[in-house]
There are 2 protein chains.
Amino acid sequence: MPTTMTAAQRRAAAKAAYDSFLAECPSRRLLDRISDKWVTLILAALGSEAPDGERAGRSMRYSELSRRLAGVSQKMLTQTLRSLERDGLITRTVTPTVPVTVTYELTGLGLSLHHLMRGVKAWAEANMDEILANRAEYDAQPA
Amino acid sequence: MPTTMTAAQRRAAAKAAYDSFLAECPSRRLLDRISDKWVTLILAALGSEAPDGERAGRSMRYSELSRRLAGVSQKMLTQTLRSLERDGLITRTVTPTVPVTVTYELTGLGLSLHHLMRGVKAWAEANMDEILANRAEYDAQPA
DNA sequence: CTGTATCCACTGCGATACTG
DNA sequence: CAGTATCGCAGTGGATACAG
C-alpha cells in the first residue's frame with residue numbers, strides 16, 4: 001500500500017476492510033467464485049448488446065445460454081446460474097407458459113462485473129497468438 | 001481448413017479468429033487458466049506499485065510471494081508461477097547467490113492482464129458487503 | 001423447456017518428505 | 001532459499017436418468 005494515500009483513499013480502505021490476499025477474508029472466496037470460466041462466459045453472454053441495440057445487457061433463456069456456451073453441462077450451467085442469482089448478479093424470471101419459460105438477465109451489480117469480465121475474455125482472445133508463441137518458445141528451451 | 005469457404009466465412013474467421021464461446025477454441029482453455037484465484041493474486045502482487053513508486057510492477061522473490069498470498073501451498077504457487085512464465089506473463093530470474101535468489105516480474109503482456117485482474121480483485125473487495133446482503137436475502141426466501 | 005437427483009471417474013490440491 | 005517428488009483424498013464436474 002502506498003504511503004502517499006489521500007484521505008479519500010484511506011476512507012475507502014477503511015470502509016471496505018476486505019483484502020483478498022488474506023486467506024480468511026470472505027473476498028478471497030468471492031474472488032474464487034467469480035474467477036470461473038462459466039461465470040465469465042455467462043456474464044459475457046448476458047451483457048452482450050441486445051439485437052435491438054437499445055439496452056446494455058439482454059435477457060436470455062436457459063436453452064439460449066446452453067447453446068451459446070458450447071459444451072457446458074446442464075449441471076454446471078444451472079449451478080453457476082444459481083450461484084450468480086444468489087449473489088444478486090443476475091435475475092431469474094419464470095413465465096408460466098406451457099412449457100415454462102425462464103429468462104435470465106443481468107442486474108446492475110452483474111453489469112458492473114460484466115464490464116470487467118468482458119475485458120478478460122477479450123484479452124484471452126486477443127492475446128492467444130502471442131501466448132501460443134510464448135509457449136512454443138518456452139517448450140523449445142533445452143532442459 | 002476447407003478450401004470451399006465463402007468470402008463471408010473467410011472474413012468472419014479473419015476478424016475474430018478466437019472465440020471463447022466455442023468449446024474447441026484454444027482461447028477457451030486460456031480463459032480457464034487465467035480465471036484462477038492464484039493467477040489473479042499473483043498478478044495483483046507483482047503489478048502493485050513498487051516501494052519507490054517509480055515502476056509499474058515490482059520484482060518479488062518466491063518467499064515474498066508466498067508470504068503475500070496467505071495460505072497458498074508451495075505446489076500451487078510454483079505450479080501457477082511456471083504456467084505464467086510459460087505463457088510469457090512473468091519472467092523468472094535466478095541469481096546465483098548462496099543460497100540462490102529467484103525473482104519474478106511481470107512482462108508487458110503480464111502487465112496488460114494485471115490491469116484487468118486488479119479490477120476484478122478490487123471489484124470483489126468493493127462489492128463484498130452487497131453480495132453478502134444479497135445472499136442473506138436469497139437464503140431467507142421461503143422454499 | 002427447465003430443471004433436479006444420483007452416481008462416479010477424474011484430478012486438483014494439500015500435506016509431507018526430500019534436494020541442489 | 002526455492003524448489004521437486006510422491007501420496008492420498010475430497011470435491012469438481014460429466015453423464016445419465018427422471019420430473020414438474
Side-chain angles (χ1 to χ4, degrees), chain A residues 20 22-24 28-42 45-46 59-86 90-105 138-139 141 143, chain B residues 20 22-24 28-42 45-46 58-86 90-105 138-139 141-143:
Chain A
S20 300
L22 306 178
E24 335 72 40
R28 170 84 142 242
R29 271 193 297 243
L30 177 58
L31 184 60
D32 205 14
R33 268 271 176 72
I34 64 180
S35 295
D36 179 89
K37 178 180 47 178
W38 301 125
V39 167
T40 304
L41 291 176
I42 288 176
L46 290 177
S59 149
M60 291 181 78
R61 299 183 57 172
Y62 182 87
S63 49
E64 259 185 296
L65 282 167
S66 179
R67 255 175 281 111
R68 188 80 227 261
L69 310 196
V72 67
S73 69
Q74 234 176 27
K75 180 178 179 178
M76 286 315 295
L77 182 55
T78 301
Q79 189 171 293
T80 308
L81 286 169
R82 285 288 177 282
S83 165
L84 292 175
E85 186 196 2
R86 187 167 102 103
I90 64 175
T91 58
R92 176 174 179 270
T93 308
V94 180
T95 307
T97 50
V98 179
V100 69
T101 303
V102 179
T103 60
Y104 294 91
E105 201 160 349
Y138 184 92
D139 294 343
Q141 303 291 335
Chain B
S20 301
L22 306 178
E24 335 72 41
R28 172 85 140 241
R29 270 193 298 245
L30 177 58
L31 184 61
D32 205 14
R33 269 279 174 75
I34 64 180
S35 295
D36 179 89
K37 180 179 44 176
W38 300 125
V39 168
T40 304
L41 292 176
I42 288 175
L46 291 178
R58 60 191 303 183
S59 150
M60 290 181 78
R61 300 182 56 170
Y62 182 87
S63 50
E64 258 185 297
L65 281 167
S66 178
R67 258 176 278 112
R68 188 80 225 262
L69 310 196
V72 67
S73 68
Q74 234 176 28
K75 179 178 179 179
M76 287 314 295
L77 182 54
T78 301
Q79 189 172 294
T80 308
L81 285 170
R82 285 289 177 281
S83 165
L84 292 175
E85 185 196 2
R86 187 168 102 104
I90 64 176
T91 58
R92 176 174 180 271
T93 308
V94 180
T95 307
T97 50
V98 180
V100 68
T101 302
V102 179
T103 60
Y104 293 92
E105 201 160 350
Y138 183 92
D139 294 343
Q141 304 289 338

- Message: Any residue in residues 75-82 of chain A with a heavy atom nearer than 4.0 angstrom to DNA chain D? Just list them by number, or reply none.
- Response: A:K75, A:M76

According to side chain to side chain contact (heavy atoms under 4.5 Å, CB included), who are the partners of [X], at least two apart in sequence or on a separate chain?
X	answer
B:R92	B:R82, B:E85, B:V94, B:V102, B:Y104
A:V98	none
A:S35	A:L31, B:T40

Could you give the [atom1]-to-[atom2] distance, from [X] to [N], as a whole number of Å?
X	N	atom1	atom2	answer
A:D32	D:dT12	CG	P	10 Å
B:Y104	D:dC1	OH	P	14 Å
A:R29	D:dG11	CZ	C1'	16 Å

Distance in Å, [X] [atom1] paired with [Y] [atom2], rounded so as to fall on 0.5 Å steps:
X	Y	atom1	atom2	answer
B:T80	B:R33	OG1	CZ	9.5 Å
A:D36	B:D36	CG	CG	10.5 Å
A:L84	A:Q79	CG	CD	11.0 Å

N/O donor-acceptor pairs under 3.5 Å from side chains in residues 63-77 of chain A, not counting sequence neighbours:
unit_1: A:E64; atom_1: OE1; unit_2: A:R61; atom_2: N; d: 2.9
unit_1: A:S73; atom_1: OG; unit_2: A:M76; atom_2: N; d: 3.2

- Determine whether more than 12 heavy atoms belonging to other residues, nucleotides or ligands lie under 6.0 Å from atom CZ of A:R86. yes

- Between the first and last five pairs of the helix from C:dC1-D:dG20 to C:dG20-D:dC1, the angle of the axes, rounded to 10 degrees: 50°

- Item | Range on DNA chain C touched by chain A - first to last nucleotide, heavy-atom distance under 4.0 Å | C:dC1 to C:dT4

- Task: Under the side chain to side chain donor-acceptor pair (under 3.5 Å) rule, collect the residues that match up with B:T95, sequence neighbours excluded.
- Result: none

- Note on the structure: By side chain to side chain donor-acceptor pair (under 3.5 Å), A:T101 pairs with (sequence neighbours left out) A:T97

- Name the residue closer to the 5' end of DNA chain D, choosing between B:R67 and A:S73 according to the nucleotide with the nearest heavy atom. B:R67

- Which atom pair, heavy atoms only, marks the closest approach of A:S59 to A:E105? CB-OE1, 3.6 Å

Are any protein N/O atoms closer than 3.5 Å to N/O atoms in nucleotides 18-20 of chain D? If there are, list each pair with its distance.
none

- Item | B:R61 side chain near D:dC1 phosphate (N/O to OP1/OP2, under 4.0 Å) | no

